[in-house]
Every structure is written in structure tokens, then in C-alpha cells.
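Predicted model only: the values in this text are computed from it and were never measured. Ligands are counted one by one from 1 in listed order, and the atoms in each one are counted from 1 as well.
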Amino acid sequence: MKVSEILKTKGPQVFTIGEEKSLGEALNIIVVNKIGVLIVLNYEGQISGILSERDIIRASYENQSNYLNLRLAEYMTKKVIIVEPEDDIDYVESVMTTNRFRHVPVISNKILVGLISIGDIVKTQLNEYRYENKYLKDYISGVH
Ligand code: AMP
């Protein structure tokens with residue numbers, strides 16, 4: 001299955017934030033929307049990083065009570081790894097496993113068109129296994 005097929009069901013919505021914002025503002029968006037990452041944009045609207053709940057935890061650990069007012073740009077990951085709509089889910093899974101992260105933005109013609117999380121991949125695989133399981137059961141019991 002391809003990334004584009006997951007996006008068809010999930011939709012293109014991606015939560016973003018400006019790179020000049022604080023960790024407190026980022027935390028608020030993450031908590032209110034029950035998400036795990038924000039794509040960080042520069043003044044030109046281009047991707048300049050990705051900020052995950054893990055980055056905020058690290059900032060709070062290193063700065064204790066002071067971290068909410070810090071600039072998020074100091075804690076985001078600047079080298080963002082992306083995938084494309086035509087990429088296969090198996091490839092996305094290997095990218096996540098190799099790099100030890102759970103989110104990856106989807107870019108098409110330099111435009112942000114979605115975001116895939118490890119949860120989306122698990123859900124897709126579960127549906128595929130269920131379908132395969134039902135097909136095999138029907139086959140064994142002579143439905144086909
Ligand atoms: P996550 O597991 O996605 O919450 O992220 C774990 C760490 O990897 C954090 O430091 C993120 O900033 C970073 N990260 C998450 N997704 C990506 C990505 N697609 N490219 C580069 N770094 C990422």
C-alpha cells in the first residue's frame with residue numbers, strides 16, 4: 001500500500017507552528033489537538049524543523065520550571081526526513097525504525113501534503129491482516 005492511500009482516508013491536515021514561537025505555545029497545540037508532533041515553518045512558510053513531544057520533554061528535563069518560555073527552534077530537529085505520496089508503507093516503516101522516530105511529513109512537489117504516524121501504519125497493517133484473515137477463513141470454509 002502507498003502513502004497516498006493512507007492520506008486519502010486520513011486527510012491532509014498537518015499541524016504547523018512558526019519557528020519564532022515558544023515551547024509553551026507548541027505544547028498547548030500538541031495537548032489540545034492530541035497530536036505528537038508539529039511541523040515548524042520559517043517566515044517564508046518553508047519547513048525548518050519538526051518538534052515532537054519528546055523534544056519538549058527533553059527541554060523540560062534540561063531546564064526544569066523554565067522551559068515553557070524558551071524558543072522552540074532551539075529544541076526542534078532541523079534535518080527533517082520526509083517521504084512522498086508514491087512511497088510504499090513498508091519503506092515508511094523502515095525509515096521510522098531506522099531513525100527511531102514515529103512521524104514523517106509527506107511532501108509532494110515541495111508542498112506539505114500530509115503526515116504519517118506510526119499509529120497510521122499499525123492501523124493500516126491491522127486492516128490488511130483482518131482482510132487477509134477473513135479471506136483465508138472464507139477460502140478454507142469453501143465460500144470462494
Ligand atoms: P517522535 O518519535 O516522532 O516523537 O520523535 C522522536 C525524535 O525524532 C524527536 O527529536 C523529533 O524531533 C525527531 N523526529 C521526528 N520525526 C522526524 C522526522 N520525520 N525527521 C527528522 N526527525 C524527526
Suppose we measure from [atom] to each protein heavy atom; which comes out shortest, and what is that distance?
{"atom": "atom 10 (O) of ligand 1", "result": "D55 OD1, 2.5 Å"}
{"atom": "atom 2 (O) of ligand 1", "result": "R102 NE, 2.7 Å"}
{"atom": "atom 22 (N) of ligand 1", "result": "T77 CG2, 3.5 Å"}
{"atom": "atom 5 (O) of ligand 1", "result": "S52 OG, 3.5 Å"}
{"atom": "atom 21 (C) of ligand 1", "result": "K79 O, 3.3 Å"}
{"atom": "atom 23 (C) of ligand 1", "result": "F101 CD2, 3.4 Å"}

Answer yes or no: is there an ion pair linking E53 with R102, defined by an N-O contact shorter than 4.0 Å?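 Yes.
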
Any idea which part of M76 is under 4.0 Å from ligand 1, heavy-atom wise: side chain, backbone, both or neither? neither

With heavy atoms under 4.0 Å as the rule, classify the contact between I81 and ligand 1 as side chain, backbone, both or neither.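 Under 4.0 Å from ligand 1, I81 contributes backbone and side-chain atoms.
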
When you compare ligand 1 with R54, is there at least one nitrogen or oxygen pair between them that comes in under 3.5 angstrom?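 In fact, backbone or side chain, R54 has no N or O that close.
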
Looking only at distance, does H103 have an N or O less than 3.5 Å from an N or O of ligand 1? yes

Do the non-hydrogen side-chain atoms of Q125 and I121 ever get within less than 4.5 Å of each other?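 Yes. Closest side-chain heavy atoms under 4.5 Å.
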
Are the side chains of L112 and I47 in contact, using a 4.5 Å heavy-atom criterion? yes

For I116, run the side chain to side chain contact (heavy atoms under 4.5 Å, CB included) check against I6, V95, D87 and tell me which one passes.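 Result for side chain to side chain contact (heavy atoms under 4.5 Å, CB included) with I116: I6.
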
For P105 and ligand 1, answer yes if some heavy atom of the residue is under 4.0 Å from a ligand atom, otherwise no. yes

Which atoms of ligand 1 have any heavy atom of I50 under 4.0 Å away? 12 (O), 14 (N), 16 (N), 17 (C), 22 (N), 23 (C)

Any side-chain to backbone donor/acceptor pair from S108 onto I111? Under 3.5 Å, distance only. no

